[in-house]
Engineer: 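Next up is a structure, given as structure tokens.
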2 protein chains.
Amino acid sequence: MKTEEKILAKALEMFNERGVEYVGLRELAGILGMRVSNITYYFPTKDDLVNRLSIQLYDLNSSILVVKEDLSIEQFLEMMEQVFWNQLKYRCLVVSFVHLIGQNKLIAARYGDTQTKRNTVIRSNLEVLARNGHIRIKNETELEFLTSTIALVARFWISEAAVTWQHLSAGQQINHYIKSIETLLRLYGVESAK
Amino acid sequence: MKTEEKILAKALEMFNERGVEYVGLRELAGILGMRVSNITYYFPTKDDLVNRLSIQLYDLNSSILVVKEDLSIEQFLEMMEQVFWNQLKYRCLVVSFVHLIGQNKLIAARYGDTQTKRNTVIRSNLEVLARNGHIRIKNETELEFLTSTIALVARFWISEAAVTWQHLSAGQQINHYIKSIETLLRLYGVESAK
DNA sequence: CATACTTTTGGACATTGTCCAAATTTTTAT
DNA sequence: ATAAAAATTTGGACAATGTCCAAAAGTATG
């Protein structure tokens with residue numbers, strides 16, 4: 001494992017445990033058995049380090065978030081669940097995004113992308129679900145409401161979970177929020193029985 | 001205006017503009033025409049300062065969040081709107097709560113309170129709305145879903161707005177999210193016109 | 001083997017929050 | 001009014017942080 005990868009891996013681990021801003025570069029370097037300036041050789045600023053982690057998350061989720069014709073509600077929920085697990089892997093970032101964006105231009109740009117993309121994918125998939133008769137959407141307003149509510153949950157479930165559901169396992173937390181999205185979808189669902 | 005109040009007021013102003021962690025005590029002191037150690041006389045640590053601001057917000061919202069018999073949907077939404085305006089006044093805190101809780105025990109405790117209280121009040125008021133026939137709630141699951149979804153919006157709308165809706169005015173932003181909650185409620189609404 | 005490139009190091013820098021003893025101002029009691 | 005006490009303000013120090021740079025060490029290439 002190359003030095004750069006070792007730094008990224010350990011940084012992610014420590015950032016997830018204690019938060020990006022509470023892990024010092026000297027501590028990280030110490031645990032890795034190197035000097036601070038060795039880290040700054042690969043990542044001139046801490047932001048660069050964080051940025052690289054955020055690229056990893058972006059790439060992970062990009063491959064998952066796709067628009068699929070003949071999508072079922074179950075498949076849509078599975079897609080969201082995969083995204084949720086990735087967010088959990090990089091929770092230090094997800095929890096901090098609002099801050100990071102204020103300071104880190106690179107992250108801000110990519111996050112804008114992520115967000116637009118996520119909204120578009122959710123929206124398009126909801127349209128698919130509607131077209132195929134899995135849900136009934138009357139007008140643009142309803143579509144917009146569903147999209148943005150699901151997007152809000154997808155963006156902030158992990159922050160709420162960190163505060164409210166610490167006692168639950170990661171799997172239980174994810175399950176809870178996926179269920180929430182499902183409940184919301186079922187409100188627009190087409191009753192199959194009669 | 002006493003020194004302590006001047007510090008609190010200017011700190012809130014600057015924290016709101018640039019974020020709690022990006023405003024240094026020396027800069028704050030400089031603008032107030034005093035030395036850093038004068039701030040630490042009133043607030044031994046920065047956390048103490050932030051904590052006091054968080055008490056102010058807590059108090060503001062405590063007086064608004066009440067359970068009211070014979071509540072209408074409109075009144076419920078007005079209540080939420082008032083809370084939203086208070087959150088805006090202290091947005092530096094609302095945006096940072098997830099972080100602050102990790103480092104500041106005092107804030108963590110009070111935030112736990114805030115959250116429990118808000119959930120309880122929302123839930124109780126929804127029960128009132130249901131009892132009075134403004135909305136139809138079939139079972140505990142539905143009530144729980146409605147409560148937690150509204151609570152999620154109430155907690156994170158401002159973070160999302162900071163990223164997604166910067167171009168909108170504060171009033172428009174609040175309006176957007178209040179509308180969201182209304183749409184959600186109307187899904188459980190009782191159609192008045194046969 | 002010598003040269004060039006990459007990687008690692010140690011030490012410096014300004015800035016941060018925190019702390020404390022001394023100086024100053026304000027309040028209180030005589 | 002004045003002396004004693006208390007509250008406030010100050011300047012300077014501290015350790016820790018992210019950032020930076022010149023030199024050393026290591027590795028690869030001709």
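A, B, ... follow the sequence lines: proteins, then strands. Residue 1 opens every chain. Note: hydrogens, waters and symmetry copies are ignored here, and every other heavy atom, side chains too, is used.
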Engineer: Among B/Phe84, B/Trp165, B/Trp157, which residue satisfies the ring pair (Phe, Tyr, Trp, His ring centres under 6.0 Å) criterion with B/His176?
Structural biologist: B/Trp165
Engineer: Side chains of A/Leu77 and A/Ile181: does their closest heavy-atom pair fall under 4.5 Å?
Structural biologist: yes
Engineer: Under 4.0 Å: is that the gap between some side-chain N or O of A/Arg35 and OP1 or OP2 of C/dT8?
Structural biologist: no
Engineer: Considering only heavy atoms, which members of residues 36-48 of chain B lie under 4.0 Å from some atom of DNA chain D?
Structural biologist: B/Ser37, B/Asn38, B/Tyr41, B/Tyr42
Engineer: Taking A/Asn125 for its side chain and A/Val66 for its backbone only, find out whether a donor-acceptor pair lies under 3.5 Å.
Structural biologist: yes
Engineer: Answer yes when A/Lys179 and B/Glu144 have at least one side-chain N-carboxylate O distance shorter than 4.0 Å, and no when they do not.
Structural biologist: no
Engineer: May I have the distance from A/Glu4 (atom CD) to C/dT8 (atom P), rounded to whole angstrom?
Structural biologist: 11 Å
Engineer: What residues in residues 25-34 of chain A put a non-hydrogen atom under 4.0 Å from any atom of DNA chain D?
Structural biologist: A/Leu25, A/Arg26
Engineer: Take atom OH of B/Tyr22 and atom C1' of C/dT16, then tell me their distance rounded to the nearest Å.
Structural biologist: 14 Å
Engineer: Taking only N and O in the side chain of A/Thr3, is any of them less than 4.0 Å away from OP1 or OP2 of C/dT7?
Structural biologist: no
Engineer: Roughly how far apart are B/Tyr42 OH and B/Arg52 CZ, rounded to 0.5 Å?
Structural biologist: 11.5 Å
Engineer: Nearest whole Å is fine: how far is D/dG18 C1' from B/Glu21 CD?
Structural biologist: 16 Å
Engineer: Between B/Asn51 and B/Arg110, does any side-chain donor sit less than 3.5 Å from a side-chain acceptor?
Structural biologist: yes
Engineer: Would you kindly confirm whether B/Val20 and B/Leu106 end up in one hydrophobic cluster when ILVMFWY residues are joined by side chain heavy atoms under 4.5 Å apart?
Structural biologist: no
Engineer: Salt bridge check: are A/Lys6 and A/Glu13 linked by an N-O gap of less than 4.0 Å?
Structural biologist: no
